[in-house]
2 protein chains.
Amino acid sequence: MLPRRPLAWPAWLLRGAPGAAGSWGRPVGPLPRRGCSSAPGTPEVPLTRERYPVRRLPFSTVSKQDLAAFERIVPGGVVTDPEALQAPNVDWLRTLRGEDGRPPWAWLSRAPVLAQHCCLGGLRQMTLSACPTKWDLEPLPQEHRAGCSKVLLRPRTSEEVSHILRHCHERNLAVNPQGGNTGMVGGSIPVFDEIILSTARMNRVLSFHSVSGILVCQAGCVLEELSRYVEERDFIMPLDLGAKGSCHIGGNVATNAGGLRFLRYGSLHGTVLGLEVVLADGTVLDCLTSLRKDNTGYDLKQLFIGSEGTLGIITAVSILCPPKPRAVNVAFLGCPGFAEVLQTFSTCKGMLGEILSAFEFMDAVCMQLVGRHLHLASPVQESPFYVLIETSGSNAGHDAEKLGRFLEHALGSGLVTDGTMATDQRKVKMLWALRERITEALSRDGYVYKYDLSLPVERLYDIVTDLRARLGPHAKHVVGYGHLGDGNLHLNVTAEAFSPSLLAALEPHVYEWTAGQQGSVSAEHGVGFRKRDVLGYSKPPGALQLMQQLKALLDPKGILNPYKTLPIQA
Amino acid sequence: MLPRRPLAWPAWLLRGAPGAAGSWGRPVGPLPRRGCSSAPGTPEVPLTRERYPVRRLPFSTVSKQDLAAFERIVPGGVVTDPEALQAPNVDWLRTLRGEDGRPPWAWLSRAPVLAQHCCLGGLRQMTLSACPTKWDLEPLPQEHRAGCSKVLLRPRTSEEVSHILRHCHERNLAVNPQGGNTGMVGGSIPVFDEIILSTARMNRVLSFHSVSGILVCQAGCVLEELSRYVEERDFIMPLDLGAKGSCHIGGNVATNAGGLRFLRYGSLHGTVLGLEVVLADGTVLDCLTSLRKDNTGYDLKQLFIGSEGTLGIITAVSILCPPKPRAVNVAFLGCPGFAEVLQTFSTCKGMLGEILSAFEFMDAVCMQLVGRHLHLASPVQESPFYVLIETSGSNAGHDAEKLGRFLEHALGSGLVTDGTMATDQRKVKMLWALRERITEALSRDGYVYKYDLSLPVERLYDIVTDLRARLGPHAKHVVGYGHLGDGNLHLNVTAEAFSPSLLAALEPHVYEWTAGQQGSVSAEHGVGFRKRDVLGYSKPPGALQLMQQLKALLDPKGILNPYKTLPIQA
């Protein structure tokens, strides 16, 4: 169990952006002589090593000779300027937090320079919109992490990555791969002084087949840019998530990102067709096929999907893109109980079948908080539960008719007590906002204890009821919402302030309860640094042992993203 | 390259069934003292070891003490009767071949006893139908394999499998896992005297969630029975294949079976949610979650999907079932060229989108052979190419309308020169038969050289054109057909008889050509024993090396399905 502490926002967050304009373009500065102190003039950032019981493993430290070697491998791609290293050393949630509990886009609108220059350029779009259509962020974290890396490398090719890793392997230097630095579990930032290997300059589309919809690209391509690229060609990316403006496709694959299209297009284990991966010793593993079917031996690429850069560094991705839907409809419904929510899901799977693209749910308290803190009005009568159903299809008329018939049935049979349906983009966005802005409403309610659980769908809400009884007046609110269609519950508990006794009432109880249901303590956010100690609640010892064996096989020196994904070995 | 020889069908195939009625129920007979000779009274079956340059590895041989130990572990589940061992020692293609080139169902109709008793019970349905709706068989193989195992074990639980493997691991006894024995590449039968571990009695459904559609079952469940089970509950299995009446779900997963629903529901890497696997040393690896999302560590189950029983024995499967479609339509179209076939695919992906469930193609020669040998008439005007498009959806009217509009567009724009559409089941079957009975027609045309290739879709037909020019009059016919929607070409060359010079003109040319396109020399059939020596055409040395390392990690003594999947190490 990880310690949780109340927030203490540093002054620089309030007055400006770290690693400001031109950081990437500056000449490489000298390496600080020793220690992990912040650059002069920058604020004190609490270091991960100071907040968590973690010891630096006996890796080498970067020498002048190493820097010279890196400069030969990636000329102009070696960053040592302490100021430029500030942002990539810090968990992105941290950099995005404003003191007043506002979500990142509110803060970003005051910091366009940061947004443009600190690997977060893709988030610029958020500054243009008061309410983004979709996101899956947790913009108000309860914990923060920061490393103290003194070197960031920016290769352009897999060959350069190969040379870098060969050198690091020989020299026993630890490496922290980093995409858009948008992870939720501290997997993308160094814990100590690991070399940060950024995929930002590996951003070329290598090929796109207009018949098969197969896209092959370098790992550093930003998801949103890929989306735009394939949408111009009448396809869509099989995944979509709130961080799409910043996250890299390589990072998405390395973390097995879920997101908003999961219900319809499934896991990346199914849609990723091939990978190019550089192994710890610099070997380039070419599994970059662009074939839908290939049964020639073990499917090695699967090893790297979701392994968070601990088994190899993904340098290129081949992925299957589905055709672009021509029509999108959204229905927002009130349900009298959770049993009816489940029955509604079951019925709409049958009646909407192939056009169902999202099935989200939220409880009455979520709606109350969204109303109280954000002044969003419910479009339907007050109900114990609400569901949001989205359809995406190739024929607007057919889709509307199917959805209409389903609604008629659901209302007629009492599964649903009230409902509204939207086809125009403005109203669609408005309905989505009710579900998507719950996180923001919760953050305004007080200190938030957050859990991202995967559970058998029929038990999904039981933990919420259980916690309400267990915590009583000690909690301000206990709410449940999330991707019901994927069995993914976002369980949140609010309180006036952080309280160790409330935390003790929650953990390990929530994890144990989840384990009792054979659920997952991390549905979509991964393990990273933050959850490695609770992995055992969802995986048996035999599985953890095999994971350690795979790590030892593929990265015997343990130089790839150390301190992440796997529990500390006894 | 593997040697190919002309057929020589044994007499027993023509006069009756091996391992006839009651074989499973007989008392276990004594173990033959030595050698691999056939049982008295049974015909001579050419042994794999006599046909291929393969040497037995230094495994132990089964002793009386071993048999006694097995009898303690699986009381009544130890089969040593030579007659009962005949069928599971022989490649199923072999047992199904009639002398007159007729497909298996024709032959089976004369052999209901075999069909009922020799692990082939599921094929009984074929005897009831002159023309099965769908299959994906290659009923007329050019090669045969047979092992000489003297022991078959029939555990009921993963614990029994665990005890068996623990014993075999300690004693250095090789084990050949076997499901329905319906594989196409000799992966399911022993090469020498490996112990056959059958999953036939592990056939229980463990759970089914009527909301999420998640099925959990033992590995020995027959696919067709699972289909029936979930269809009664308004779901379908995410895979379907010709051998569904016999094949086991565990075998499907172990071989990463493709099949007829691949285009719509994708790979088993995406639809399988969890596995229980027994490792070589008897450790039970429990990854049998039934969660759609789980990002707690490496996704270990992926290692075993498609590893053909060489890394562990799958004992239970958790799989996501999609809702049952309410309407199925089929269109059969003539196209003026392969470019138009590709354009038709592209257009129909856009216009049919979410309801497209199959896109198959065949060339003019296929249609001529189907007409000549099977007297099936083309429902459309003579064309250089034909495509079969299937839709599956939740609303018959909508689907028919979409398909109608697409056809109108395709005909109007010249992509398609003629076409017909079917909605009633009889005509749907008739149209499918034109595509599905190509294999049968080819077999009546002479000796057939068969290749199952995965290629970038835009180059899919080039190898056919190339071979026609290359082979000239030496080949009788060179044809191409297959699952175009999946980029999967079935390339077939017919000749009056087997000819080493024709073979030399084909191989390694076909494999080299495929490798030149970064294609796969085994799209859906796997590697097994037959293709392990051509694996290098589709996988680079680094990938093969990592596969060997994984094998060494998970099965250090190499007892699991030896001689399969991986190339012989130098």
Side-chain angles (χ1 to χ4, degrees), chain A residues 211-212 234 256 258 266-267 269-270 283 285-287 289-300 302 306-307 323 342 345-346 349-351 353-355 393-395 398 402 454 457-458 486-488 518 520-527 535 538-540 542-543 546-547 549-550 553 565, chain B residues 211-212 234 256 258 266-267 269-270 283 285-287 289 291-300 302 306-307 323 342 345-346 349-351 353-355 393-395 398 402 454 456-458 486-488 518 520-527 535 538-540 542-543 546-547 549-550 553 565:
Chain A
V211 176
S212 63
D234 260 347
N256 190 30
S267 153
H269 286 285
T283 303
L285 183 68
D286 178 8
C287 296
T289 67
S290 45
L291 304 167
R292 284 210 65 180
K293 284 178 173 175
D294 178 23
N295 271 352
T296 51
Y298 309 149
D299 194 353
L300 298 176
Q302 302 289 351
S307 66
L342 291 179
F345 178 48
S346 196
K349 272 177 83 173
M351 293 184 76
E354 66 277 6
I355 62 166
S394 58
N395 184 305
H398 291 170
K402 281 192 184 87
S454 209
V457 76
E458 71 276 11
D486 308 328
N488 185 180
Q518 300 188 300
S520 169
V521 294
S522 182
E524 57 181 6
H525 294 163
V527 180
L535 203 57
S538 293
K539 288 287 150 69
L546 182 51
M547 289 182 203
Q549 288 174 317
L550 288 168
L553 172 68
T565 310
Chain B
V211 177
S212 63
D234 260 346
N256 190 29
S267 152
H269 287 284
T283 303
L285 183 68
D286 179 7
C287 297
T289 68
L291 304 167
R292 284 209 67 180
K293 284 178 173 174
D294 178 21
N295 271 352
T296 52
Y298 309 150
D299 193 353
L300 298 175
Q302 301 290 351
S307 66
L342 291 180
F345 178 48
S346 197
K349 271 177 85 175
M351 293 184 76
E354 65 277 6
I355 63 166
S394 58
N395 184 305
H398 291 170
K402 282 192 184 84
S454 209
V457 76
E458 71 275 12
D486 308 327
N488 185 181
Q518 300 187 298
S520 169
V521 295
S522 181
E524 57 181 5
H525 294 163
V527 180
L535 203 56
S538 294
K539 287 286 149 72
L546 182 50
M547 289 182 203
Q549 288 174 316
L550 287 169
L553 172 67
T565 312

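The figures here come from the full heavy-atom set of this structure, side chains too, leaving out hydrogens, waters and symmetry mates. Letters A, B, ... are given to chains in the order of the sequence lines, protein chains preceding strands, and every chain is numbered from 1.
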Portion of [X] that has a non-hydrogen atom of chain A nearer than 4.5 angstrom:
| X | result |
| --- | --- |
| B:K402 | both |
| B:V521 | both |
| B:T283 | neither |
| B:F345 | side chain |
| B:Q549 | both |
| B:N488 | side chain |
| B:P540 | side chain |

Taking the side chain as everything from C-beta on, heavy atoms only, tell me whether B:Q302 gets closer than 4.5 Å to A:D299.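 Side chain of B:Q302 against side chain of A:D299, heavy atoms only: no contact under 4.5 Å found.
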Do A:N395 and B:H398 have side chains that get closer than 4.5 Å, going by heavy atoms?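 Result no, sub-4.5 Å side-chain heavy-atom pair not found.
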If we define contacts as heavy-atom pairs under 4.5 Å, which of [options] has the most with chain B?
| options | result |
| --- | --- |
| A:S454, A:G526, A:G270, A:G487 | A:S454 |
| A:S522, A:G266, A:S346, A:P323 | A:S522 |
| A:T565, A:V457, A:L550, A:L342 | A:L550 |

When [options] are compared by non-hydrogen pairs under 4.5 Å with chain A, the top option:
| options | result |
| --- | --- |
| B:G353, B:A543, B:S520 | B:S520 |
| B:C287, B:S267, B:G393 | B:G393 |
| B:T289, B:V527, B:L291 | B:L291 |
| B:S212, B:G306, B:G542, B:P456 | B:S212 |

Measuring heavy-atom distances to chain B, does A:K539 have an atom under 4.5 Å in its side chain, in its backbone, in both, or in neither?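 For A:K539, the contact with chain B is made by the side chain alone.
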Can you tell me which portion of A:S290 sits under 4.5 Å from chain B's heavy atoms? Options are side chain, backbone, both or neither.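 Neither; nothing under 4.5 Å.
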Rounded to the nearest 0.5 Å, what separates atom [atom1] in [X] from atom [atom2] in [Y]?
| X | Y | atom1 | atom2 | answer |
| --- | --- | --- | --- | --- |
| B:K293 | A:N256 | NZ | CG | 10.0 Å |
| A:R292 | B:D486 | CZ | CG | 5.5 Å |
| A:L300 | B:L546 | CG | CG | 5.0 Å |
| A:I355 | B:S394 | CD1 | OG | 6.5 Å |

Side chains of A:N295 and B:H525 only: does a donor on one sit below 3.5 Å from an acceptor on the other?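 The answer is no; no qualifying pair exists.
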List the atom of B:L535, the atom of A:G297, and the distance in Å for their closest heavy-atom pair.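 Result for this residue pair: CD1-N, 3.7 Å.
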Check whether more than 12 heavy atoms from other residues, nucleotides or ligands sit under 6.0 Å from atom CD of B:Q518, and answer yes or no.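 Open: at most 12 neighbouring heavy atoms sit under 6.0 Å from CD of B:Q518.
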